[in-house]
> 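Starting off with a structure, shown below.
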There are 2 protein chains.
Amino acid sequence: MTAPLHETRTPGAGRALPDTQQGMRRRNLARVMHAVSAEGSLSRAAVASRIGLTRAAVSTLVDELIRWGLLEELGPERPGRVGRPGSALAVSGRGPAGIGAEIGVDHLAVCAVDLRGAVRARAVRHSANRGRAPEPVIEELTGLIRRVAADAEREDLWPAGIAVAVPGLVARDGRTVVRAPNLDWHDTDLGVLLPSGWPLTVDNEANFGALAELWLGDGTPRDFLHVSAEIGIGAAVVVDGGLLRGTRGFAGELGHIPVRPDGPACPCGGRGCLEQYAGEEAVSRAAGLEPREDLVGLLAERAEDGDADVRAALRDAGTALGIALTGAVNLLDPETVVLGGALAGLSPWLLPSLETELAERTAGPACPVAVSTLGPQGPLLGAAHSVVRAVLDDPAVVAGRS
Amino acid sequence: MTAPLHETRTPGAGRALPDTQQGMRRRNLARVMHAVSAEGSLSRAAVASRIGLTRAAVSTLVDELIRWGLLEELGPERPGRVGRPGSALAVSGRGPAGIGAEIGVDHLAVCAVDLRGAVRARAVRHSANRGRAPEPVIEELTGLIRRVAADAEREDLWPAGIAVAVPGLVARDGRTVVRAPNLDWHDTDLGVLLPSGWPLTVDNEANFGALAELWLGDGTPRDFLHVSAEIGIGAAVVVDGGLLRGTRGFAGELGHIPVRPDGPACPCGGRGCLEQYAGEEAVSRAAGLEPREDLVGLLAERAEDGDADVRAALRDAGTALGIALTGAVNLLDPETVVLGGALAGLSPWLLPSLETELAERTAGPACPVAVSTLGPQGPLLGAAHSVVRAVLDDPAVVAGRS
DNA sequence: GACTATTCGTCATGGCAGTTTACAAATTAG
DNA sequence: CTAATTTGTAAACTGCCATGACGAATAGTC
């Protein structure tokens, strides 16, 4: 019961799953869930026309989903048009829930999201995790998880899985933290430390932030680049509505794109990496500040107050980001670039130089840059929603449960 | 009958195709074709175990495919093991064929590939196309296509579609050449110029070259970056066995990744783009040569002879490529980087500095760099094979024909 | 050489999934 | 009040794959 929740897209040709009638049924159950979930409330007939099946077929699918407690009947729709009004269906607000957890440098957070996408329980705790060993951190996090799970259960929800966002690189097994520089964790298998019994996924906070943007953002396209600098500068690449993870799961390492090939040496071995210009440490040094806990908040405050050094530091960081993003945009041709995480709060001072750089270096119309509306809570929401999406993607797996 | 041949991967959730029994049948027919095609020759029982269906189901699928002329029975297999020997099945060498065409700066080429992947007819013609208007070029190409099609028909093959590789950017409609600097074509819709009646796809030669590498390369992974400098420096990104095209179809524009942000101005509007260091013009100037027709051949020859200037020029180009690829590798985490097209022939002098640069700028083990074995004929083969793949991907579309 | 074990291809049967067709129920338009 | 329209459901139908059994063809064994 500890399988990876979110599988990558099915291979187009190679060794594919057998295509049997049961698989067909499962996919159609998922289509019904997605259709209802996307619209909030839909009649059987509307679902049928939306997913291309007949009303009769949808009826049997819906019956099953109602029996499983995943859909519920809201009663007759308000009849706006001629004809018998349909019976509104909605995703159930009880039953399976997604537990999202976040390990930050100075905090831990957990929340529970129901199938409708609503946050139903949450817990946040300040916690100085920089350089702390994994075991006590996970122990503390487990306490929060159990509390949130208990709160959720009081609302007729049961956890369908846990997804944990961490500030570091995660292997493709979805459990092992390969490298988290700000925590000083290396090759740590969180699967053995976290409570078992629930399906578990661990992923980079940038990835979860991007998924949140994809699923919850207003008008976010299916192809975009999500940049989020928490400590290092991470990015997530979303292609056709799915995350691009890379062979080892390390895709999106924007922070080590060369910006000035002869620039200052970087711990990664290179010279002039983006992180040397736009990383937290570089920016704080350029701004004449000591690195401290809520540096981003301080930077925003000082910039707001008109501190010239801080503004110059952010402007230069924006320029460096623009150079690196020019390369990324040339390579990927995304529909937009989204600034998320801590960068969202600093965007007023980063954006001008960033956009200038991007526009000047692009032949045609430049790729638009948007600012995330979710900001710093993206990763936590994305994590919780990833569990919910897994249920919507294959409702049959939770059929047995209440 | 002029639909895009190669559709992008099916959306994971959004607006998906209905999942009906006919669709299931079609997918299973495709699975059988792919299984047989991948192994060259396979018995019904082997196919069944490979794709996860029962022998009985495979039998009916195979019967149908044989009736359509897409598979043929080779007779009993050589019995190596105990038990009744199976009856070997193979993809038919007659029936549908893929027509690939290539528009180069100084040549035109067309070939026909049967379902087995064998080249069955071809035609090449030297042709100075630089700056020539589209109409006469396409007219000339159409002549070659008709000749190859006639040759193919004499071998019991009929064209199932045409795929054209062009040295430029192609819109996502798969017909319009947005920009081909070396031909000086802009926004040219080849769909109206090429012979109608056959399904048509137009794509960048770098993309087709990458697909050829993917389908025909020996041990090529499903995630890689294919770099091919013909005139500009293009790249194709292959993710999970599929091309990453980008929103507008412009993905892979490696040539305009900033290498030195304050470097020489580039026509694209930027400064210090890769093309300013590793492009054909830049390299020829650095090597002290005049740009001429077969510049690549000349460069290789001189380098072979030990010309110091040429070798230095290529070494510097390799360094610039290494810097740009460091960014790309950080962003995409591919399994390998493949040097294709003209770069393959120059690799002995490019690779050392390229790999050094890549290794020094990478923290862990550097991404391996391979050299394409297909070299300059990749795009043409990839184009023809893309048509063949389309037939294997959905055999039902050619059911009616002989 | 006969016998057994094994594997292959096929056939008949059955279960399952969505479609087709028909119909009652519920609403709007006239 | 009647006609038109739309919804949801039930019954019959078609299509697809699974199951189980069988003959056919091979290798190994006595």
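Every chain is numbered from 1, with letters handed out A, B, ... down the list of sequences. All figures in this text were calculated on a predicted structure; none of them were measured in a lab.
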> When you measure from the side-chain N and O atoms of Thr54(A) to the phosphate of dT19(C), is any distance below 4.0 Å, counting only OP1 and OP2?
yes
> Could you state the CZ-P distance from Arg26(B) to dC17(D), rounded to the nearest angstrom?
14 Å
> Is Asn28(B) near enough to dC17(D) that one of its side-chain N or O atoms lies under 4.0 angstrom from OP1 or OP2?
yes
> Is the number of heavy atoms from other residues, nucleotides or ligands within 6.0 Å of CZ (Arg26(B)) greater than 12?
no
> Please report, rounded to the nearest Å, how far the P atom of dA27(D) is from the CZ atom of Arg78(B).
11 Å
> Determine whether Leu71(B) and Val36(B) make a side-chain contact, defined as any pair of heavy atoms from C-beta on separated by less than 4.5 Å.
yes
> Inspect the surroundings of CD in Gln22(B) and state if more than 12 heavy atoms from other residues, nucleotides or ligands are less than 6.0 Å away.
no
> Considering heavy-atom distances to DNA chain D, does Gly83(B) or Gly83(A) have its closest nucleotide positioned more toward the 5' end?
Gly83(A)
> Looking only at the side chains, is there a donor atom on one of Arg25(B) and Asn28(B) sitting less than 3.5 Å from an acceptor on the other?
no
> Please pick, from dG18(C), dG9(C), dC17(D), the nucleotide with the shortest atom-to-atom distance to any side-chain atom of Ser59(B).
dG9(C)
> Given atom CD of Glu64(A) and atom C1' of dG18(C), what is their separation to the nearest angstrom?
14 Å
> Quick check: on DNA chain D, is the nucleotide nearest Arg55(A) upstream (toward 5') of the one nearest Arg81(B), or the reverse? Name the residue that is more 5'.
Arg55(A)
> Can you find a donor-acceptor pair, distance only, under 3.5 Å between Gln21(A) side chain and dG15(D) base?
yes
> Have a look at Ala56(A) and say if it touches a base, only the backbone sugar-phosphate, or nothing, with a 4.0 Å heavy-atom cut-off.
base
> Using a distance-only criterion (donor-acceptor N/O pair, under 3.5 Å, no hydrogens), is the base of dT27(C) paired with the side chain of Arg84(A)?
no
> Closest to the Met24(A) side chain: dG18(C), dA25(D), dC17(D)?
dG18(C)
> Which nucleotide in the list dT7(D), dT19(C), dC17(D) gets nearest to the side chain of Arg25(B)?
dC17(D)
> Name the closest nucleotide to the Val82(B) side chain, picking from dT27(C), dT6(C), dG9(C).
dT6(C)
